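Quick caveat: nothing in here was measured; it's all calculated off a predicted structure.
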Amino acid sequence: MVKIVPLSGFPELLPEQRVVEREVIAALSRTFELHGFANIETRVVEPIDRLAKGGEIDKEIYALQRLNAAPGDRAELGMHFDLTVPFARYVLENAGKLEFPFRRFQIQPAWRGERPQEGRYRQFTQADIDIVGRDTLGSHHDVEVVRVMVEALGALPLPPLSFQVNNRKLIQGFYRGLGIPNVTAAIKVIDKLDKLPADVVAEQLVEQAGATPEQAQQCLQLASIRVGDTSFVEQVRGLGVEDDLLDAGLAELAAVIEGCADATSERVTVEANLRIARGLDYYTGTVLEIFMAGYERLKSVGGGGRYDALASDGRTTYPGVGVSFGVSRTLIPLIADGVLASSRKVPSAVLVAVTDEERRPTSAAVAAALRARGIACELSADAAKFGKQIRAAERRGIPFVWFTQEDGTHEIKDIRTGEQLAADPATWTPPEADLRPQVRFELTPDIKENQ
């Protein structure tokens, strides 16, 4: 007997778990489409040279190569590790056919060869939204994209989420106004604050960015500012640094905070957090990360920002702003903890009982009539005693069992309550909540305590 060994980092969901994932994806898609975002799907592979532009991600790229490739042949294709790189290429290839600003959403798997752990997988699904312009893109789109994702995630059955927003112009202008020699290095060092103690970060600002100890402390003071309104503007001004780029960043960040204020709730908040930096070089304005209460160990479950030159063909530049939400990163730990679950294991709302095999065609006709009106159902696998057929429905979470009587009349039984009523296959419809499997959300006591 061959023993099957699971592949670490490549999660496979059970049917009832997949229901949760599909319902979340459907809900996200509905919100994105309500805001006019068009759906696209890009190919799995990209040229490795294009994927490797990020530098630090090189070692995590999965290469695609034929088994019979000649020894020494270098793989030319790699599997995309996010949806941003293939999207940038997609825009360049199809620019002549797209209307700008182009608003897209994309929900697809990606692959990353990192060490598997909770929330980090080698195959995972992401949900991205972006708005891309041709040569110019108004900063009001930064507000719009953040707000759309706030609304989309606010409609999901998730623990409370916090959008932590900053602006690269703000921090770049602040560092420049301080006179720090290497602003780019300073941003990358500050981005480590969630991993390293503040004193170590201060030392690295001196060593790697050329800051003085006093400048390093001012950088940490900036990074300590975190508020849910625009009072951060005065707090930054109080640090005594002046720079035109800093002014622009303060204005853009204030616009995002104000623009999202009426879309927030107890479950989804938006805050200015001036320690958020996101180390990737292509971010030029708004930057953000999304955190989930009770699951701080996952770090961020989403993020994104403004990029003014991610895509360019040498003649035209396509600036954009986008936000990515980690579907697998968020849902799989919640499913494993029992926070999210499906109301049933199968799509079927009705099990049509079979009295005996000779009358199976009669039961099949009932099922066909129900399906014709959009009611998911299935026939009993065998003509066992009705009690056994009911128990089979219970095990699968199917709420209703349909019986056809000898006189040709019909009855439907709600096996949760025991109520059994006369019904007509041409008109009977289950309650709206029973038409499709529902996602059940329940915080465990330990998570409630951490909130």
Is it the case that the side chains of [Y] and [X] hold a donor-acceptor pair, with the cut-off being a distance below 3.5 Å and no angle test?
X: Gln164; Y: Arg226; value: yes
X: Arg373; Y: Thr429; value: yes
X: Asn273; Y: Arg275; value: no
X: Gln106; Y: Thr42; value: yes
X: Asn182; Y: Tyr175; value: no

Side chain to side chain donor-acceptor pair (under 3.5 Å) partners for Gln218, two or more places apart: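 Here no residue qualifies.
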So Arg112 and Arg122, side-chain contact (heavy atoms from CB on, under 4.5 Å) or not? Walk me through it. CA-CA 5 Å; Arg112 187 170 295 187; Arg122 291 170 173 166; over 6 Å; no
Under the side-chain hydrogen bond (donor to acceptor under 3.5 Å, both in side chains) test against Ser324, which residue among Asp82, Thr84, Asp128 passes?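 In the set Asp82, Thr84, Asp128, the residue that makes a side-chain hydrogen bond (donor to acceptor under 3.5 Å, both in side chains) with Ser324 is Asp128.
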Assess the pair Phe32 and Phe105: is the distance between their ring centroids shorter than 6.0 Å?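 That pair passes the under 6.0 Å test.
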Would Phe400 and Trp428 count as a close aromatic pair, with their ring centres under 6.0 Å?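 Yes: the rings meet the under 6.0 Å criterion.
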Keeping to residues at least two apart or across chains, list the ring-ring contact (aromatic ring centres under 6.0 Å, His included) pairs with something in residues 303-326.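 Sorted result for residues 303-326: Phe100-Tyr318.
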So does [Y] get a backbone contact from the side chain of [X], meaning a donor-acceptor N/O pair under 3.5 Å?
X: Ser328; Y: Thr125; result: yes
X: His80; Y: Ile61; result: no
X: Arg237; Y: Gly240; result: no

Residue pair Leu331 / Leu340, side-chain heavy-atom distance below 4.5 Å: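 The answer is yes, as the side chains (C-beta and beyond) meet within the 4.5 Å cut-off.
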Pi-cation contact, Tyr283 with Arg306 (under 6.0 Å, within 45°):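 Judged by the rule (NZ or CZ under 6.0 Å from the ring centre, within 45° of its axis), Arg306 is not positioned above Tyr283.
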Start with the C-alpha distance between Leu137 and Val132, add both sets of side-chain angles, then the distance that settles side-chain contact (heavy atoms from CB on, under 4.5 Å), and finish with yes or no. CA-CA 7 Å; Leu137 185 71; Val132 174; 6.0 Å; no
Cut-off 3.5 Å, no hydrogens considered: what does the side-chain donor-acceptor table look like for residues 150-161, sequence neighbours left out?
residue: Glu151; atom: OE1; partner: His35; partner atom: NE2; Å: 2.9
residue: Glu151; atom: OE2; partner: Arg147; partner atom: NE; Å: 3.2

